[in-house]
Student: 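Just passing along the structure, written as C-alpha cells.
Because the structure is a prediction, the values reported are computed rather than measured. All values below come from the heavy atoms of this structure, side chains included, with hydrogens, waters and symmetry mates left out. Reminder, nothing fancy here: chain letters follow the sequence lines and each chain counts from 1.
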2 protein chains.
Amino acid sequence: MQSDRTSHNQTPIADKPLRADARRNRDRLIEVAAKAFASTGVDASLEAIAREAGVGAGTLYRHFPTREVLIEAVYRHEVEGLVAAADELARTREPNEALAEWMQRFVGYMATKRGMRDSLRLLLESNSPLFAQTSGVVPLAFKSLMDKAVQAGTIRPDVNSADVLHALSSIYSASDGPDWQDRSRRLVSLIMDGLRYGASRASK
Amino acid sequence: MQSDRTSHNQTPIADKPLRADARRNRDRLIEVAAKAFASTGVDASLEAIAREAGVGAGTLYRHFPTREVLIEAVYRHEVEGLVAAADELARTREPNEALAEWMQRFVGYMATKRGMRDSLRLLLESNSPLFAQTSGVVPLAFKSLMDKAVQAGTIRPDVNSADVLHALSSIYSASDGPDWQDRSRRLVSLIMDGLRYGASRASK
DNA sequence: GACCTAAACGGAGGCACCTCCGCTTATCGC
DNA sequence: GCGATAAGCGGAGGTGCCTCCGTTTAGGTC
C-alpha cells in the first residue's frame, strides 16, 4: 500500500498525488480543451478554454505550461478513453456486438476530432515520449476485441486486425462530405459484415 | 521605355511601381528588420521593428503580411547586397584584393546574422520560391571573383570555388567563442594564402 | 474542531499580434 | 500650379499570450 519510504518517487511517469481541487481543475481543463480543439482546431484560444473551464489563466498554465503539453494531455486522455471503452464493452456485451459497437465509436470519435488531425500527425511523426507510451495500446485493445469474436466463432479468423484498424482510419480521413456521418456508419457496417462472412457460427 | 500599354503586368515577380513614400518605408523596414533579426533572432517583435522604422504597425503588415514574408525580403536583400559588393569590388580593385576583401566580408556578414541561422536553414530546406530565385547567385558571384584572380595569375587555378565557399560557411558556423571575430579573420586569411600558394605570379 | 502550511488559485498587467478605417499625400491630367 | 483621387499611412482597439504575486483552501496535526 505504501512504498514511499524512500524519497525517490521520480518514476518516469509519476502519477503525483494532486490535491483534490487541482485534480478537479486539471480534468475539467482537459475535457474543455478536447472539445475546443475538436471544433476550433488546436489553435483555439487557451484563455477561452480556461474561462470555459471556470479557472484563471494562471491555473491553466500551471498545469500545462505550453500548448503542446495540453494537446498531449488531451490526446492521452482520448486514447485512454478508447481503451477503457473496449474493456467495458468486452465485459458487458457479446463479443460480436462489442466489436461492432467499438468500431462505430472509433470512427465517430476520430471524425469529431478533425481539428486535431494535423497536430496529431505531427505528434506521431515526431519522437515524442508520448508516442512510446500510448503507441500500440489502441491496436492492442482492438485486437483483443477481434480475438474474442473469433473465439466465439462469429467472425472469420483469417483477417489481420491491424488491417481492419487501418481501414477504419481511412474512413475517418475520407469523412469530408455533408453526409459523412451516415456514410461512415455504413462503411463500418460493411467492414463488419466482411468480417462475419464465412464465420463458423452465424452472427445476428 | 514604356511597355505597359497592355495591362498584363503580372510577371511572376512583378516589380510594381511603388509610390515614393511606400518604397522608402519598405526599404527602411527591411533595413531595421535585418538588424533586429540578426541581434534578437527572427522572433523579434514586429511592432518594435515598425516603431524603430518610424512607421505604424499597419504599414508593416501591409508590406509584409506575415513574419515569413518579411524574413524572405530581408534575406533577398542581403543576398543582393553580397552580389552587389562582389560586382563593385571586381570593378574597383585588383582581382587579388577584391577576392580577399569579399571573403572577409562574407564571413563577417554571416557571423552577424546568427539570429537568422535557423530560419534560413528552414527556408533553404523548404521549397520556397525565394530559393529558386536567389539560389546560386552568391556562389556564382564568388566564382567570378575567383576566376578573375586566377586569370591575373595571383591564385592557383586548381581549386574549386564551391569548396572554398563551403569552407567559409563552416567558419561562420564555428563562430561561437568570445574572440570569434579575430579568429574568423585569421582563418579567412589562411584560406586566402592557401589559394595564393604556388600561383604563377606572387601576389602582395 | 482549531490551527498551520504548502499547494493551488486566479486575475491583473504587460507585451505582442493583427485589423480596420478615417486621415494624409504622391502622382497625374489639365 | 491646381485639383482629383487612388495609394498609402498609422495608431487605436480588440484579442491572445504568459507571468507574477497576493489570496484562498485542502489536508494533515494535535
Student: Does A:R186 come within less than 4.0 Å of A:D182, counting only side-chain N to carboxylate O?
Tutor: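 No, this pair does not count.
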Student: Phosphate oxygens OP1/OP2 of C:dC15: is one of them under 4.0 Å from a side-chain N or O of B:S45?
Tutor: no
Student: Salt bridge (charged side-chain N to carboxylate O under 4.0 Å, His left out) for A:R91 and A:D87? Distances and angles first, verdict last.
Tutor: CA-CA 6 Å; A:R91 256 201 345 272; A:D87 288 352; over 6 Å; no
Student: So what does A:R67 hit on the nucleic acid, given a heavy-atom distance under 4.0 Å: a base, only sugar-phosphate, or nothing?
Tutor: sugar-phosphate
Student: Measure CG/B:L60 against C1'/C:dT19 and give the value in whole Å, please.
Tutor: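 Nearest whole value for this atom pair: 13 Å.
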Student: Select one nucleotide: of C:dC9, D:dT25, C:dA12, the one nearest the side-chain heavy atoms of A:A57.
Tutor: C:dA12
Student: So, under a plain 3.5 Å distance rule, would you say the side chain of A:R19 forms a donor-acceptor pair with the base of C:dA7?
Tutor: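 Between C:dA7 and A:R19, which were checked side chain against base, a qualifying N/O pair under 3.5 Å is present.
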Student: Heavy-atom contacts under 4.0 Å between residues 46-55 of chain A and DNA chain D, which residues?
Tutor: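 When residues 46-55 of chain A is checked for heavy atoms under 4.0 Å from DNA chain D, the hits, listed by number, are A:L46, A:E47.
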Student: Tell me which of B:A20 and B:P65 sits closer to the 5' end of DNA chain C, going by the nucleotide each one is nearest to.
Tutor: B:P65
Student: Five pairs per end, C1' atoms only: what is the angle between the end axes of the helix from C:dG1-D:dC30 to C:dC30-D:dG1, to 10 degrees?
Tutor: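 Rounded value for the end-axis angle: 0°.
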Student: Taking atom C1' of C:dA8 as reference, at what distance in whole Å does atom CG of A:D27 sit?
Tutor: 15 Å
Student: Without swapping roles, check the side chain of B:R196 against the backbone of B:N96 for a donor-acceptor pair under 3.5 Å.
Tutor: no
Student: For the side chain of B:R62, starting at C-beta, report the closest nucleotide among D:dG8, D:dC17, C:dC9.
Tutor: D:dG8
Student: Nearest whole Å is fine: how far is C:dC9 C1' from A:H63 NE2?
Tutor: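 Spelled out: NE2 on A:H63 to C1' on C:dC9 is 9 Å.
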Student: Between A:E80 and A:R76, does at least one N-O distance fall below 4.0 Å, as a salt bridge requires?
Tutor: no
Student: Could you check B:R24 against B:D43 and say which one's nearest nucleotide on DNA chain C is further toward the 5' end?
Tutor: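 Residue closer to the 5' terminus by nearest nucleotide: B:D43.
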Student: Find the distance B:L18:CG to C:dT25:P and express it as a whole number of Å.
Tutor: 18 Å
Student: Round to the nearest Å and state the distance from A:N25 atom CG to D:dT24 atom P.
Tutor: 17 Å
Student: Check every strand shown and say whether A:T59 touches a base, only sugar-phosphate, or nothing at a heavy-atom separation below 4.0 Å.
Tutor: base
Student: Side chain of B:D21 only, heavy atoms from C-beta on: which candidate in D:dG8, C:dC9, C:dA12 is closest?
Tutor: D:dG8
Student: Let me know the distance between CD of A:E68 and C1' of D:dC18, rounded to the nearest Å.
Tutor: 14 Å
Student: Would you mind telling me which of B:R23, B:R19, B:R24 makes a side chain to side chain donor-acceptor pair (under 3.5 Å) with B:D21?
Tutor: B:R19
